[in-house]
Amino acid sequence: MAADSDPESEVFEITDFTTASEWERFISRVEEVLNDWKLIGCRVGKPPEKGEYTSGIWEETSLEINFADFKFSITHHCLKQESAESEGVDEPEEDAYPLAMQDLLCMNNDFPPRAHCLVRWFGMREFVVISPGANCEAIVSESKCNLLLSSVSIALANTGCHVPLFVQIQQKWRRMFAGECQGPGVRSDFEIVHLRKVPSQYNHLSGLLDIFKNKIGCPLMPLPPINIAIRFTYVLQDWQQCSWPQQPPDFDALLTGEVGGVEFGKLPFGACEDPISELHLATTWPNLTEGIVVDNDVYSDLDPLQAPHWSVRVRKADNPQCLLGEFLMEFFKLCCRKETTEEILGRNSVEEEGKENSDITQALSKLTEPAAVPIHKLSVSNMVHSARKRIRRHKRVEESPLNNDVLNSILLYLFPDAASDKTDSSDVKSTQPSPGGKTEPDKDSEDYHLYNQLKSASCDSLTYRLALCICMVNFHHGGVRAVAHLWQEFVLEMRYRWENNCLIYGLASGPPDLRCCLLHQKLQMLNCCIERKRARDEGRKNATSDGSRDKSRLAPESAGPAEVSPGKSWDSWSDSEEEFFECLSDTDEMKEADTENEKKTANKSKAEGRLQPHGKITLLNSQEPLYIPVTQEPAPMTEDLLEEQSEVLAKLGTSAEGAHLRARMQSACLLSDMESFKAANPGCSLEDFVRWYSPRDYVEEEVSDETGQTVIRGDLSARMKIPGNMWVEAWETAKATPARRQKRLFDDTKEAEKVLHYLSVQKASDLTRHLLPCVLHAALLKIKEEESTEDIPSVRKALQNLTSHASKLLRHPSPDFKKLEEVINQMSAVEAVVAIARSLKAKFGITKGEREEDGDELERFVSCLLEEPEVCVVGAGRGPAGSIIHKLFVSSQRAALLAPMEEETGRLGGTDDRKAVPDFPPPAGREILLRTCVPRPAPFSKALPQRLFCVLMRDEFRLAGAFSSDTSFF
């Protein structure tokens with residue numbers, strides 16, 4: 001008991017009131033943010049100009065703050081304006097109201113079409129919003145709302161900030177805010193009421209005026225006039241009298257009537273449905289007073305035809321079905337397919353059966369070796385099974401994915417020279433019409449050279465046309481199976497042309513163009529092989545028939561037309577050291593070799609393979625002129641072969657042996673040219689060869705001889721005298737052999753078979769990746785062509801951005817397909833914009849030959865609708881655009897009443913049916929803005945701005961009020 005009564009044992013609770021609570025920390029953090037953003041003190045600014053809230057630039061700055069463990073986001077919204085210094089305003093007046101209060105009465109931006117909801121409701125140019133974090137619950141309870149509002153009020157008072165500060169409360173979808181703005185002796189409270197249904201007593205202007213008057217509670221009996229601004233919005237969804245101008249093309253007609261190859265080269269364009277879902281007409285009465293207009297539950301003066309201001313906006317359909325976008329996306333989806341051509345066509349079993357009998361290398365052993373027939377293969381069930389497999393195989397062959405007529409038409413489009421004798425195909429060059437169905441673009445134009453940026457192929461090439469055909473076949477004629485079938489036929493055509501020496505139509509002559517896609521390079525390589533083979537066969541015919549060389553040709557028995565290349569690249573080296581260039585028999589070769597040896601022993605070699613004299617230069621060891629020899633062309637290479645060659649050379653390492661071997665591999669072309677030079681210039685030296693092949697390595701200088709005369713003497717450069725120089729070694733090993741009897745630098749047979757094998761093993765997905773640049777190239781040209789008839793600035797800008805973006809993606813060795821899909825989606829969006837432009841022109845009758853001045857006005861109106869969120873109608877309901885809009889609404893209203901009303905209008909067309917059928921439907925939304933300036937809360941208080949913004953819709957009733965009061969004595 002004594003211990004219990006001991007005063008030292010008692011426990012005292014000590015509360016330290018100097019420690020900041022979480023609420024105080026939150027207020028301090030808000031004040032700190034306001035100071036950091038320099039929102040303290042009175043701010044000066046000129047009144048916003050008309051439409052500036054829509055056309056101006058809004059800046060946003062956000063930070064995260066915490067109230068205990070609850071996260072908030074604080075955001076500063078501000079309209080960027082020119083500095084007030086240009087107006088000559090140095091310092092604000094002491095009693096100046098905050099800018100937010102001044103903006104409450106400003107009438108220049110009453111109904112901005114595109115702005116923050118608080119800007120639309122309260123007309124402010126600058127404000128701060130505190131809202132719950134992304135994953136935080138809404139502020140629903142009244143006590144929490146009041147706590148936040150008191151925090152805001154204290155922060156504003158402590159800092160002297162004149163910028164209004166709002167707090168978002170309730171669920172986010174309700175867009176409920178409460179806020180406050182403080183100034184010197186004044187304060188504005190911002191309140192919002194939100195209901196699902198409109199109360200019947202407040203469904204008109206008179207009821208809303210009663211609310212406003214009761215709220216401001218003005219003690220003055222002659223109440224100051226209330227300024228009223230009203231906007232009614234009408235929605236048009238039914239386009240009865242406007243047929244959609246875009247008709248989907250009749251793809252079944254491709255094989256009826258005239259089947260021109262051009263039809264397969266056309267890409268579709270446009271929307272299958274109307275891309276405009278709604279037209280919103282806003283009728284505005286901007287400056288009214290209470291006594292001018294009557295609007296109650298019995299009668300209303302607010303006739304939309306009498307509204308002084310009309311403005312229109314169009315609402316686009318959600319993801320309209322666009323033909324070009326669908327074509328591209330379906331083609332793009334093939335990139336994800338992993339099946340081979342045989343798996344897609346279902347012919348694996350056929351190939352396996354064929355392999356058993358097609359192995360020619362073991363044909364002799366199969367004929368000679370005794371092989372016992374397996375017993376199980378002689379069974380009845382096995383024979384029935386194999387017979388069924390053959391039946392299924394024949395059925396599968398008959399039921400080909402592509403219709404024969406379609407296939408023949410496509411092949412005729414790809415190879416128009418096939419209609420004539422293929423032996424004359426060399427005379428057919430790339431003169432076919434443009435795949436777009438129009439004239440071929442000028443080869444000097446930017447559009448023609450677009451393939452350089454996209455790494456595709458020129459629009460007059462076979463690869464380009466093949467891409468368009470694959471795209472159409474995939475979409476309309478059987479999907480991936482039809483694509484595999486067409487590709488198989490294409491590969492067969494390539495092999496046919498190789499075996500029959502027919503040049504491939506639609507490919508530019510010359511080596512593969514590394515600026516184009518790899519598939520185009522492969523086809524160009526195959527064409528090079530055919531050209532070399534044709535030249536060799538023609539040279540053999542000439543050699544056997546005439547026994548001598550035709551001087552009109554540069555190299556009759558060479559691999560192709562000779563090319564004089566005094567500075568030939570060392571990167572050209574032979575891929576084949578076993579294949580020889582001559583086409584003569586072995587006995588002839590031996591005879592020629594014997595005679596050549598005899599001539600060498602006699603030191604009177606006969607010159608062979610001369611092209612032309614090299615100016616007036618003579619050999620150093622004799623007075624014979626120096627002749628340029630007929631040389632072999634370097635081997636053409638595609639980019640994948642160049643990459644393989646660089647990898648092989650890199651693997652040799654940096655050692656001396658590796659460097660020597662690398663030099664030998666690269667000097668195959670040099671050795672060939674040395675042998676041709678020796679054959680054309682008997683008795684020549686290395687110095688003679690260098691004078692022709694690399695003149696800079698032969699240095700000439702003036703010296704004085706024994707008699708004192710100045711003579712010119714030459715010698716090899718320093719790098720040519722380095723011990724172990726590859727040029728010296730090659731010269732010593734080179735034999736005097738003309739180009740027609742040398743080893744081939746380019747084995748056209750081997751390279752052609754490699755290309756054909758490469759083409760045959762391509763899957764549908766590989767083919768799509770190869771041709772995707774060409775398809776995107778064609779799509780860009782199609783959009784440009786369609787846009788040129790509409791003249792839409794935003795589309796032109798979007799096309800430039802699309803081209804630049806696609807160029808960066810497609811030039812990468814392995815492009816990002818997700819980003820390419822985004823490019824396709826952007827193309828679909830641009831296509832929709834062009835479709836919207838055509839829809840608007842059709843609806844407003846621009847193409848119907850209106851009066852010239854009206855037509856120009858309508859064109860400007862439609863152009864603005866595409867570029868701007870909302871467009872004012874010149875002349876309101878009495879202007880050319882307004883009268884058309886009126887007719888659209890009238891037609892829609894009468895169509896809603898079906899036949900009876902149509903009969904009345906057809907019979908009378910007078911005023912009775914107009915009374916029965918209103919020209920406009922009930923407004924979808926009504927916005928009423930009430931403003932005044934009255935003293936609050938006492939009659940002797942300052943007259944301060946008061947504002948109430950009312951929104952009345954079918955499922956929403958909203959009141960957003962800003963009520964100011966004098967705090968000097970209250």
Side-chain angles (χ1 to χ4, degrees), residues 239 242-251 260 262-276 314 316-317 320-328 433-442 444-450 459-460 464 468 471-472 775-803 806 824 826-868 871 880-881 884:
W239 315 100
C242 293
S243 60
W244 171 226
Q246 172 68 36
Q247 293 295 331
D250 184 9
F251 293 102
V262 176
E263 288 295 324
F264 288 96
K266 283 185 177 180
L267 280 177
F269 190 87
C272 291
E273 56 186 353
D274 199 330
I276 300 177
V314 292
K316 304 172 186 177
Q321 183 182 3
C322 294
L323 294 173
L324 180 61
E326 285 195 352
F327 256 57
L328 297 180
S434 171
K438 294 194 174 185
T439 57
E440 180 182 325
D442 185 6
D444 295 331
S445 66
E446 182 181 351
D447 289 347
Y448 183 83
H449 293 283
L450 184 61
C459 54
D460 55 0
Y464 186 91
L468 297 181
C471 195
M472 176 169 286
V775 173
L776 296 180
H777 178 195
L780 285 172
L781 291 181
K782 183 67 176 178
I783 297 174
K784 279 189 176 184
E785 176 190 334
E786 299 291 336
E787 186 276 332
S788 62
T789 61
E790 308 299 334
D791 190 20
I792 309 171
S794 61
V795 171
R796 287 197 296 272
K797 185 176 180 181
L799 278 175
Q800 292 177 358
N801 296 334
L802 274 174
T803 304
I824 293 175
Q826 291 172 9
M827 287 184 178
S828 300
V830 173
E831 180 187 13
V833 173
V834 177
I836 289 172
R838 291 180 174 173
S839 176
L840 289 173
K841 287 185 177 181
K843 289 174 175 56
F844 286 93
I846 292 177
T847 58
K848 293 181 181 179
E850 301 275 347
R851 289 184 305 169
E852 185 175 353
E853 58 273 13
D854 291 348
D856 294 342
E857 177 61 37
L858 290 175
E859 283 189 5
R860 284 193 296 269
F861 177 73
V862 169
S863 177
C864 292
L865 276 178
L866 293 171
E867 305 291 336
E868 301 174 10
V871 181
I884 293 175

Which atom names give the shortest non-hydrogen contact between [X] and [Y], and what distance separates them?
X: C459; Y: H777; result: N-CE1, 4.4 Å
X: I884; Y: F844; result: CD1-O, 3.3 Å
X: S828; Y: G325; result: OG-CA, 3.1 Å
X: A837; Y: L866; result: CB-CD1, 3.4 Å
X: S839; Y: I276; result: OG-CD1, 3.7 Å

Task: N/O donor-acceptor pair under 3.5 Å between E831 side chain and L324 backbone - done: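 Judged by distance alone, yes, a pair lies under 3.5 Å.
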Are any non-hydrogen side-chain atoms of [X] and [Y] less than 4.5 angstrom apart?
X: M472; Y: L267; result: no
X: V314; Y: K843; result: no
X: M827; Y: L328; result: yes

Using side chain to side chain contact (heavy atoms under 4.5 Å, CB included) as the criterion, list what pairs up with [X], not counting sequence neighbours.
X: E859; value: I846
X: T803; value: L450, Q453, L780
X: C471; value: F327, F331, V775
X: A798; value: V830

Open item on the list: Under a 4.0 Å threshold between the charged nitrogen and the carboxylate oxygen, would E787 count as salt-bridged to K784?
Closed with: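 No, no charged N to carboxylate O under 4.0 Å.
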Which residues pass the side-chain hydrogen bond (donor to acceptor under 3.5 Å, both in side chains) test with [X], sequence neighbours left out?
X: S788; answer: none
X: E786; answer: K782, R838
X: E867; answer: S794
X: Q321; answer: E326

TODO: Carefully, step by step, assess R796 and D791 under the rule side chain to side chain contact (heavy atoms under 4.5 Å, CB included).
DONE: CA-CA 8 Å; R796 287 197 296 272; D791 190 20; 2.5 Å; yes
Task: Distance, nearest 0.5 Å, that separates CD1 of I792 from CD1 of I783 - done: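 So the CD1 of I792 and the CD1 of I783 are separated by 11.0 Å.
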Open item on the list: Which residue is it: D856, V871, L840? I am looking for the one with a side-chain contact (heavy atoms from CB on, under 4.5 Å) to F861.
Closed with: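 When D856, V871, L840 are each tested with F861, the side-chain contact (heavy atoms from CB on, under 4.5 Å) holds only for V871.
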Open item on the list: Under the criterion side chain to side chain contact (heavy atoms under 4.5 Å, CB included), I'd like the reasoning laid out for I836 against K316: C-alpha separation, chi angles, the key distance, then a yes or no.
Closed with: CA-CA 8 Å; I836 289 172; K316 304 172 186 177; 3.4 Å; yes
